[in-house]
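Everything below concerns the one structure shown next.
We name chains A, B, ... by the order of the sequence lines, and we start the count at 1 in each one.
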Number of protein chains: 2
Amino acid sequence: MATMHDVARLAQVSVSTVSYVLTGTRPISQATRNKVLAAMAQLDYQPNAMARGLASRRSRILGLLMPMDERGLGATETAFVTGAAAAASVAGYHLVLSPVGGGNLDDLRRLASQRMLDGVVLMEVQLADERVTVLQEAGVPLVLIGRTGDTSTLSYVDIDFDQTVREAVAHLVSLGHRRIVYVNHSAATLASGYGPALRTRDAFTAAMTGHGLEPVMIAAEDSAAGGRAALAAAFAQAPELTAVLAMNETAIFGILGELTGRGLSVPDDVSVVSMVTSPQVAELATPALTAMTSPGSALGRIAIEALTRHLDGPADLRHQQLLPCTLEIRGSTAAPRRHQPVGADQ
Amino acid sequence: MATMHDVARLAQVSVSTVSYVLTGTRPISQATRNKVLAAMAQLDYQPNAMARGLASRRSRILGLLMPMDERGLGATETAFVTGAAAAASVAGYHLVLSPVGGGNLDDLRRLASQRMLDGVVLMEVQLADERVTVLQEAGVPLVLIGRTGDTSTLSYVDIDFDQTVREAVAHLVSLGHRRIVYVNHSAATLASGYGPALRTRDAFTAAMTGHGLEPVMIAAEDSAAGGRAALAAAFAQAPELTAVLAMNETAIFGILGELTGRGLSVPDDVSVVSMVTSPQVAELATPALTAMTSPGSALGRIAIEALTRHLDGPADLRHQQLLPCTLEIRGSTAAPRRHQPVGADQ
DNA sequence: CCGCTTCGTCGAAACGCTTCGACGAAGTTC
DNA sequence: GAACTTCGTCGAAGCGTTTCGACGAAGCGG
């Protein structure tokens with residue numbers, strides 16, 4: 001494996017000149033540059049990443065920190081990852097995937113102090129997330145996917161849950177639905193401070209109230225069975241419901257199954273909108289689900305772009321951006337079969 | 001940030017002694033070791049990964065090379081990734097996610113020559129895969145998930161498609177099915193030399209022939225529509241079919257939809273087995289799919305373990321292992337409604 | 001044409017670690 | 001007790017870059 005010395009010798013210049021050609025840190029005459037470039041090509045030279053990292057104190061490696069507590073990633077999280085990987089590659093960075101659970105803060109501290117990561121994207125951020133503190137103390141540049149409770153000082157990208165819920169509700173209301181039930185994540189998830197669950201809850205209340213409707217909400221365990229149970233609970237609480245808005249990607253197939261089991265047809269009897277869902281999953285259902293499609297890979301990409309801009313550029317600006325999910329109308333929503341007269345829900 | 005020099009000074013020993021304490025390369029007396037350890041703790045010392053990598057010529061970084069041609073990863077591929085990430089973390093390695101498509105072999109060459117990766121796990125291996133050659137030439141230790149055509153010299157982990165298909169067919173046959181159709185990936189995918197498609201095709205032929213049955217196979221595009229079309233083709237070719245074995249995870253929901261559309265019930269009229277499927281996806285269908293569950297995260301884990309063993313251990317053995325998918329019986333298979341007399345299919 | 005900046009290049013000192021050879025001090029062997 | 005080992009430690013030489021100060025050679029204003 002050729003080193004810079006070899007290149008310098010062959011091109012008959014000093015090592016530093018070769019370095020300047022490579023990094024562009026100082027002006028080099030065209031003639032010299034060509035000599036060096038030729039020598040590099042001839043020797044098939046590739047700079048040694050470790051040496052470069054040591055000398056320059058920048059590894060050109062970014063970390064993607066994802067908790068692995070739960071069993072596997074959903075389609076949305078996977079999209080974060082692939083989007084981030086692609087963007088990092090484009091920006092000339094490497095992306096290391098670090099499964100650091102919420103528990104092992106020490107591992108995180110160690111990782112941050114190793115000076116291997118130029119910066120970090122943090123996934124699945126909780127409203128109060130200690131990992132943020134640890135990383136900030138270690139002085140590692142940081143971008144969140146998701147938000148903490150106090151968003152003032154940090155860079156983040158997140159889904160615009162407010163806007164997303166508003167659009168979903170507007171879609172259903174415009175079809176004529178008045179009695180809409182929101183199926184959220186489980187009570188335990190809510191209690192743990194899971195941002196999306198909390199924000200959509202509030203957004204749903206606001207959106208429904210805005211339309212002069214009563215917000216009905218049910219918590220569902222993250223499973224098909226949870227979905228079935230939630231739907232039963234929903235009917236108990238609001239027998240005349242005509243539409244379900246579901247945040248819980250895992251539960252939604254249980255909801256559909258239970259609906260069919262009760263002899264109700266989708267969308268004729270009950271309309272269903274799935275929130276923060278990937279098209280792939282939405283297409284799996286029969287009928288295909290009208291869904292708020294999450295901007296998954298865009299989130300990953302934008303997070304990485306914000307991070308690299310921060311690292312490469314001189315400006316130290318923080319980047320805060322919300323992306324709404326986009327409404328994709330498929331077969332699971334329609335006007336309610338029997339039009340509910342306005343006010344019938346009280 | 002404290003360096004080794006700081007530790008050495010505080011502990012009143014030489015730098016090399018500190019290094020030996022850290023790496024265990026040479027014997028160090030207990031007294032000295034304790035002094036050093038105390039100094040490290042007091043200074044909150046973390047070794048600098050880049051410096052260590054440069055000096056030792058081992059980065060403790062592994063690469064996971066996944067092509068990103070297609071739109072996103074399926075649940076099975078995602079499981080590879082998370083399994084690999086977790087295993088790498090356990091083994092004390094970092095895992096970088098490199099989206100190197102089939103096209104940019106130069107990128108791969110560059111990556112391999114940067115000496116940043118101690119070893120590499122290659123996903124989505126084709127029967128004839130140039131990436132393998134490139135990596136071998138660069139001298140990068142390599143483990144495949146999947147297999148090339150010539151398996152003699154390489155380390156790999158793969159699904160045991162033979163065994164998987166055999167079990168799936170045996171399950172259906174034991175229920176009384178005689179007329180079984182295999183829905184494979186698209187003709188284009190077959191032609192491109194996609195191993196799983198080719199191996200399952202052959203395995204299906206063998207398994208059916210072994211039972212004295214005629215193997216009927218259909219290629220389906222990777223989409224719900226592709227599944228619908230495939231099922232139509234299947235009925236054209238074998239009107240009396242009572243069971244479908246589907247390799248194509250994407251197409252299977254189309255198959256189910258088309259079945260329902262034709263007024264056929266699953267599993268009463270037609271049984272469906274999904275091959276190489278994750279439980280999450282299998283649970284999404286109604287009824288939940290009987291499936292051959294892919295050992296996704298185990299594959300990722302084992303690949304990484306084989307790689308790290310090769311790197312850390314002295315033995316230079318190659319690791320070749322096949323894992324079968326496991327049959328998980330859910331609601332989509334049953335005995336055919338009208339028992340087919342033996343030999344009815346000729 | 002003299003002092004000034006700018007340009008292009010060089011040599012050398014880091015960067016923070018590993019590893020090799022060396023070398024006393026002890027312990028062993030006859 | 002002389003001749004060897006073994007043990008524990010040290011100093012120094014890398015590992016392959018980047019980066020800083022320096023320094024001739026031009027280019028330029030006055």
Side-chain angles (χ1 to χ4, degrees), chain A residues 1-37 39-40 43-61 92 94 110 112-118 311-312, chain B residues 1-37 39-40 43-61 92 94 110 112-118 311-312:
Chain A
M1 197 107 309
T3 77
M4 226 163 175
H5 275 90
D6 303 328
V7 175
R9 194 176 318 124
L10 182 60
Q12 312 201 64
V13 297
S14 75
V15 195
S16 44
T17 301
V18 178
S19 175
Y20 293 134
V21 169
L22 225 44
T23 62
T25 322
R26 283 195 186 178
I28 293 290
S29 73
Q30 196 55 49
T32 311
R33 183 192 311 282
N34 289 151
K35 270 197 304 184
V36 171
L37 257 19
M40 294 210 281
L43 295 174
D44 199 17
Y45 168 75
Q46 287 296 339
N48 179 306
M50 293 290 127
R52 196 192 268 251
L54 176 57
S56 66
R57 274 165 294 283
R58 325 176 90 271
S59 62
R60 298 204 73 84
I61 302 178
H94 300 273
R110 205 164 306 132
S113 309
Q114 280 188 134
R115 313 274 86 187
M116 158 167 287
L117 269 26
D118 284 352
L311 292 173
D312 293 334
Chain B
M1 197 105 316
T3 77
M4 225 165 178
H5 275 90
D6 302 329
V7 175
R9 194 177 316 125
L10 182 59
Q12 312 201 64
V13 297
S14 76
V15 196
S16 44
T17 300
V18 178
S19 174
Y20 294 134
V21 169
L22 223 45
T23 62
T25 322
R26 285 196 187 179
I28 293 289
S29 73
Q30 196 56 50
T32 311
R33 183 192 311 282
N34 289 150
K35 269 198 305 186
V36 171
L37 258 17
M40 293 209 277
L43 294 174
D44 198 18
Y45 169 75
Q46 286 299 337
N48 178 304
M50 293 289 126
R52 196 191 267 251
L54 176 59
S56 66
R57 274 163 294 279
R58 325 175 89 273
S59 62
R60 299 204 74 83
I61 302 178
H94 300 274
R110 205 165 305 132
S113 308
Q114 280 188 136
R115 313 274 86 189
M116 158 167 286
L117 268 26
D118 283 353
L311 292 173
D312 294 334

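The interatomic distance linking A:Leu54 (CG) with C:dG16 (P) rounds to 7 Å, in whole Å. Between the CG atom of A:Asp6 and the P atom of D:dC15 there is a distance of 11 Å, rounded to whole Å. In this structure, CG of B:Asn34 is placed 15 Å from C1' of D:dG8, rounded to the nearest angstrom. Note: CG (B:Asn48) to P (D:dC15) measures 19 Å, nearest angstrom. At whole-Å resolution of the value, CE in A:Met116 and C1' in C:dC17 are 13 Å apart. In this structure, A:Gln46 atom CD and D:dG16 atom C1' are separated by 14 Å, rounded to whole Å. If you take NE2 of A:His5 and P of C:dG11, they are 11 Å apart, rounded to a whole angstrom. For the pair B:Ile28 CD1 and D:dT6 P, the interatomic distance rounds to 18 Å; values are reported in whole Å.
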Give me the distances for all protein-to-nucleotides 18-21 of chain D N/O pairs that come in under 3.5 Å?
residue, atom, partner, partner atom, Å
D:dT18, OP2, A:Ser19, OG, 2.6
D:dC20, N4, A:Tyr20, OH, 2.1
D:dG21, N7, A:Arg26, NH2, 3.3
D:dG21, O6, A:Arg26, NH1, 2.3
D:dG21, O6, A:Arg26, NH2, 3.2

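With hydrogens and angles ignored, the 3.5 Å screen pairs no side-chain donor or acceptor of A:Arg26 with any backbone N or O of A:Tyr20. With hydrogens and angles disregarded, no donor-acceptor distance shorter than 3.5 Å links the side chain of B:Arg115 to the backbone of A:Asn48.
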Table please: side-chain donor-acceptor pairs of residues 5-13 of chain A below 3.5 Å, with sequence neighbours left out.
residue, atom, partner, partner atom, Å
A:Asp6, OD2, A:Thr3, N, 2.9

In residues 53-60 of chain A, what donor-acceptor pairs under 3.5 Å come from side-chain atoms, sequence neighbours left out?
residue, atom, partner, partner atom, Å
A:Ser56, OG, A:Arg52, O, 2.6
A:Ser56, OG, A:Arg58, N, 3.4
A:Ser56, OG, A:Arg58, O, 3.4
A:Arg57, NH2, A:Ala55, O, 3.3
A:Arg58, NH2, A:Leu311, O, 2.8
A:Ser59, OG, A:Ile61, N, 3.1
A:Ser59, OG, A:Met116, O, 2.5
A:Ser59, OG, A:Asp118, OD1, 3.1
A:Arg60, NE, A:Gly92, O, 3.1
A:Arg60, NH2, A:Ala91, O, 3.4

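In this structure, CG in A:Leu22 is found 5.5 Å from CE in A:Met4, a value given to the nearest 0.5 Å.
The side chain of A:Thr3 sits closest to D:dG16 out of D:dG11, D:dG16, D:dG8. Relative to the side chain of A:Pro27, the nucleotides C:dG8, C:dC15, D:dT17 differ in distance, and C:dG8 lies closest.
Shortest non-hydrogen contact noted between A:Arg110 and B:Gln46 is CG-OE1, 3.3 Å.
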